[in-house]
Amino acid sequence: MSPSYAYDPDLYEPGTPAAAGRCSHHRAGEPGAETCTGEAVVSFQDQRGRWQAGCSAALEQLVDRGEIEPLGQGA
């Protein structure tokens with residue numbers, strides 16, 4: 001299980017959706033994309049070690065699947 005952090009735009013390459021405050025997790029075609037709220041609220045590293053930004057729906061889905069810790073639990 002990976003830690004989660006409050007969304008931090010400095011973790012992302014300039015010009016990317018994640019750097020602009022958008023959910024990059026659902027943009028990757030992940031299950032649950034139809035529930036995407038768009039606005040990034042969480043930063044986390046995916047299974048390949050790449051930083052991703054997630055909306056509130058992504059946060060809930062990833063926590064439910066045991067992929068990331070609830071926001072604020074890792075720091």
Side-chain angles (χ1 to χ4, degrees):
M1 184 177 294
S2 296
S4 64
Y5 306 94
Y7 169 72
D8 182 352
D10 294 332
L11 295 172
Y12 309 99
E13 190 171 325
T16 62
R22 307 302 297 166
C23 178
S24 63
H25 173 72
H26 285 131
R27 287 186 170 269
E30 287 291 321
E34 68 279 356
T35 63
C36 184
T37 62
E39 182 182 353
V41 297
V42 64
S43 294
F44 62 95
Q45 288 182 292
D46 65 17
Q47 294 175 344
R48 295 182 178 160
R50 296 176 299 193
W51 283 103
Q52 296 285 336
C55 65
S56 57
L59 173 60
E60 185 177 332
Q61 292 159 2
L62 291 164
V63 168
D64 287 349
R65 293 195 311 240
E67 293 183 32
I68 65 172
E69 295 174 346
L71 190 58
Q73 297 294 309

### Query
Can you check side-chain contact (heavy atoms from CB on, under 4.5 Å) on Leu62 and His25, steps first, answer last?
CA-CA 10 Å; Leu62 291 164; His25 173 72; 3.7 Å; yes
#### Entry: Polar contact flag, side-chain donor to acceptor under 3.5 angstrom, Tyr12-Ser43
yes
#### Entry: Smallest separation among heavy atoms of Ala19 and Gly15, with atom names
CB-N, 4.3 Å
### Summary
Between Cys23 and Ala58 the two heavy atoms that sit nearest each other are SG-CB, 4.4 Å
### Full working for side-chain contact (heavy atoms from CB on, under 4.5 Å) between Tyr7 and Val42
CA-CA 4 Å; Tyr7 169 72; Val42 64; 5.8 Å; no
### Exam field: side chain Ser24 to backbone Ala53, donor-acceptor pair closer than 3.5 Å
yes
### Query
Just wondering, more than 12 heavy atoms not from Glu60 lying within 6.0 Å of its CD?
no
#### Entry: Approximate separation, where rounding is to 0.5 Å, of Gln45 CD and Arg50 CZ
11.0 Å
### Query
Roughly how far, to the nearest 0.5 Å, is CG of Asp46 from CD1 of Ile68?
11.0 Å
### Task
Apply side-chain contact (heavy atoms from CB on, under 4.5 Å) to Leu71 and Val63, showing your working.
CA-CA 9 Å; Leu71 190 58; Val63 168; over 6 Å; no
### Task
Go through Thr16 and Glu13 one step at a time and tell me if the side-chain contact (heavy atoms from CB on, under 4.5 Å) criterion holds.
CA-CA 6 Å; Thr16 62; Glu13 190 171 325; 3.8 Å; yes
#### Entry: Any donor-acceptor N or O pair under 3.5 Å, side chains Gln47, Ser2
no
### Query
Can you name the closest pair of heavy atoms from Met1 and Glu69 and give their distance?
SD-CG, 3.4 Å
### Task
Please name the residue in the list Thr35, Val41, Thr37 that meets the side-chain contact (heavy atoms from CB on, under 4.5 Å) test with Cys55.
Thr37
### Task
Consider only side-chain N and O atoms of His26 and Gln52, and report whether a donor and an acceptor are under 3.5 Å apart.
no
